K.L.:
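Once you've had a glance at the structure underneath, I'll fire off some questions.
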2 protein chains.
Amino acid sequence: MTITQLYYVLAVAENKNFTLAAEKCFVTQPTLSMQIQKLEEELGIQIFDRTKKPIGLTDVGSKIVTQAKNIVNEANRIKDIVDQQKGFIGGDFRIGIIPTIMPTLLPMFLNTFIKKYPKINLIVEELNTVDIISKLKNGHLDCAIAATPLDEEKLKEIVLYYEPFVAYIPDNSQNNSKKELEVSDLDVEKILLLQDGHCFRNSVLNLCKTNNFMGEHHFQLESGSFETLIKLSDEGLGTTLLPYLHTLDLNEKNKAKLRQFANPKPSREVSLIFSKNELKIHIIDALKNTIQGVVRGAIAFSDVEIVSPK
Amino acid sequence: MTITQLYYVLAVAENKNFTLAAEKCFVTQPTLSMQIQKLEEELGIQIFDRTKKPIGLTDVGSKIVTQAKNIVNEANRIKDIVDQQKGFIGGDFRIGIIPTIMPTLLPMFLNTFIKKYPKINLIVEELNTVDIISKLKNGHLDCAIAATPLDEEKLKEIVLYYEPFVAYIPDNSQNNSKKELEVSDLDVEKILLLQDGHCFRNSVLNLCKTNNFMGEHHFQLESGSFETLIKLSDEGLGTTLLPYLHTLDLNEKNKAKLRQFANPKPSREVSLIFSKNELKIHIIDALKNTIQGVVRGAIAFSDVEIVSPK
DNA sequence: CTATTTTGATTGTAAAAAACTATTGATTTG
DNA sequence: CAAATCAATAGTTTTTTACAATCAAAATAG
């Protein structure tokens, strides 16, 4: 059994076609067919069910494919080890970002980053926090950006920034007297929130601890965008909170409904997260510096009461 | 990079000698030398420091060796997958047993087992519970026998038997009047216990929950045998509890100091433990049946109040 | 229902890789 | 300093891998 044979198996499993798989592997079809036959012979089992069209996997075959992925992944880490040793900044780099951070943060740093490190092949994926955690652990992601703390044993978090929330109040006239909003002015039971990315720091508003926070509403937003939230709010369903960076590109009409909080502002902690035994530390470090560079300009840190997360 | 090359690297790392490593790999020394050179060239780094005597690893080298072990382990699992498919009962099978179970249980089933399954190459290791858990998770063990429950997410437990404890009372005359001992008769603060294997079932005696149980003594037995415990007890340091199977081969003098408990007897749950994605299920099943077969004769289950573990 | 296309297996051959034997060269040991 | 140890090198042989060309079976089109 060779690693090459496993690559061939994975290619066929993925493309369900020997000819196409061979192309992807940059070899001719007979070469690939022979190698797979050899492997099947060595193991004494059939990996592929060639009677089906398109080609299918046998029962053992699918287990072998799963394991082959593990082996190939582990094998690829050898290159990462060497790259790290050489201080090489390049190669594939997979990053996961939660939906509520993606649209505002990614455009801010992507251009700077890929220009500064042209050898890195950045692969960005939008994922929710649960998927991010599992993919970081099994090596499908090199790092991620999400609301923290996650309190995961095997993951390391580096805080990128604290993003204050701004209240979005559809009927903003009634409290117009006060300039800055106090947290105590909010009726937390009536607030509209997304599931993801609303863990507040410093217990200013302690909402994330109740895992199934519903408030007075009879629905829960499992996922979705802040656009949805704004529209629901406009429909009279209540007040909502928007992360500061999201408020920057609202239209004027909506901006009028925003109300800043007084200090200490409720805010979310946004961090770079990676596995403790991640090898591409140099790239993570480069990414961290790039993001912190661009964010420093956008968020005035003095606005937020910084308290080191536990 | 090939799996063969990684095997060669591991052999050299282990033997610190190219010639010896080559023998272990059943190839000539130049073959092995060449392959390792080729790998080093492909990666563009030195794995071995050949200036040292005996040969040493470079910094990257040791990282690569660690990863190579992972890859080779994962690769070996392919064979396990195929074996499982074929229903093959054989090959290497690594089992860990905690010290307080090993001496009594292993002799009871080992002979029966290896005669019944001559194709299995059983490798038994005495390990404490902590090591067992980590080695099951990283694939260094195929299964283990320990006191349960462990409450480990990724591990599965199959209860083999409940082993009642018997009190060992050095000064057995004073309570001689009563025939069976009640748990309440014991002063739990004065009891001598081993760290391992003393998690009592059914909260009859609730000792394992206090992680650093010291009682009135000024010492803790981190490990050791029940022989030590008996001698300490004889020295007047207190009463102790012995697992039922251990009491069977005490000398007459010591047996006189034993006192059975009344029902419900305090007992320990002994289970077969394995990773949830362990492939050698057939072997584990064979082992379970063998052990339960021999234990059924030794422990009268009616003696123990069986309550299903939570 | 036959012609055509698609797709994987087969065959024969060339190139590449891996293994072996024999030998060298450097270092350590007696 | 001679002998022994041990990895590297050189030169061959064997094995493996890849390729081009072709075949055979199945699916699709006319």
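A note on names: the letters A, B, ... follow the listed sequences, proteins ahead of strands, and every chain is numbered from 1. Note that the structure is predicted; figures quoted are calculated from it, not measured. Just so you know, these numbers use all the heavy atoms, side chains as well, and skip hydrogens, waters and symmetry mates.
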K.L.:
Per the salt bridge (Lys or Arg N to Asp or Glu O under 4.0 Å) rule, what does the pair list look like for residues 20-45 of chain B, sequence neighbours excluded?
P.N.:
E40(B)-R50(B)

K.L.:
Among dA9(C), dA7(D), dG8(C), which nucleotide sits nearest the side chain of I55(A)?
P.N.:
dG8(C)

K.L.:
Return the value, rounded to whole Å, for the distance between atom NZ of K52(A) and atom P of dA27(D).
P.N.:
14 Å

K.L.:
State, with a plain yes or no, whether a side-chain heavy atom of Q84(B) is found less than 4.5 Å away from one of H282(B).
P.N.:
yes

K.L.:
Which whole-number value in Å describes the distance from I47(A) CD1 to dG8(C) P?
P.N.:
15 Å

K.L.:
Scan nucleotides 17-30 of chain C nucleotide by nucleotide, 5' to 3', and note B when protein non-hydrogen atoms come under 4.0 Å of the base, S if they reach only the sugar-phosphate, - if neither.
P.N.:
SSBBBB--------

K.L.:
Take atom CD of Q46(A) and atom C1' of dA9(C), then tell me their distance rounded to the nearest Å.
P.N.:
13 Å

K.L.:
Is there a residue in residues 9-24 of chain A whose heavy atoms reach under 4.0 Å of DNA chain D, and which residues are they?
P.N.:
none

K.L.:
Sequence neighbours excluded, which residues qualify as side-chain hydrogen bond (donor to acceptor under 3.5 Å, both in side chains) partners of N76(B)?
P.N.:
Y7(B)

K.L.:
Do side-chain atoms of Q292(A) reach the backbone of V159(A) as a donor and acceptor pair under 3.5 angstrom?
P.N.:
yes

K.L.:
Please list, chain by chain and in numerical order, all residues satisfying side-chain hydrogen bond (donor to acceptor under 3.5 Å, both in side chains) with K137(A), sequence neighbours excluded.
P.N.:
E152(A)

K.L.:
Rounded to whole angstrom units, what separation is found between the CD1 atom of I36(A) and the P atom of dT17(D)?
P.N.:
13 Å

K.L.:
Let me know the distance between CD of E41(A) and C1' of dT17(D), rounded to the nearest Å.
P.N.:
15 Å

K.L.:
Rounded to the nearest 0.5 Å, what separation is found between the OG1 atom of T58(A) and the CD1 atom of I47(A)?
P.N.:
7.5 Å

K.L.:
Are D59(A) and K63(A) close enough for a salt bridge, meaning some N to O gap below 4.0 Å?
P.N.:
no

K.L.:
Going by ring-ring contact (aromatic ring centres under 6.0 Å, His included), name the residues that satisfy it together with F113(A), two or more places apart in sequence or in a different chain.
P.N.:
Y117(A)

K.L.:
To the nearest Å, give me how far apart OH (Y7(A)) and C1' (dT17(D)) are.
P.N.:
18 Å

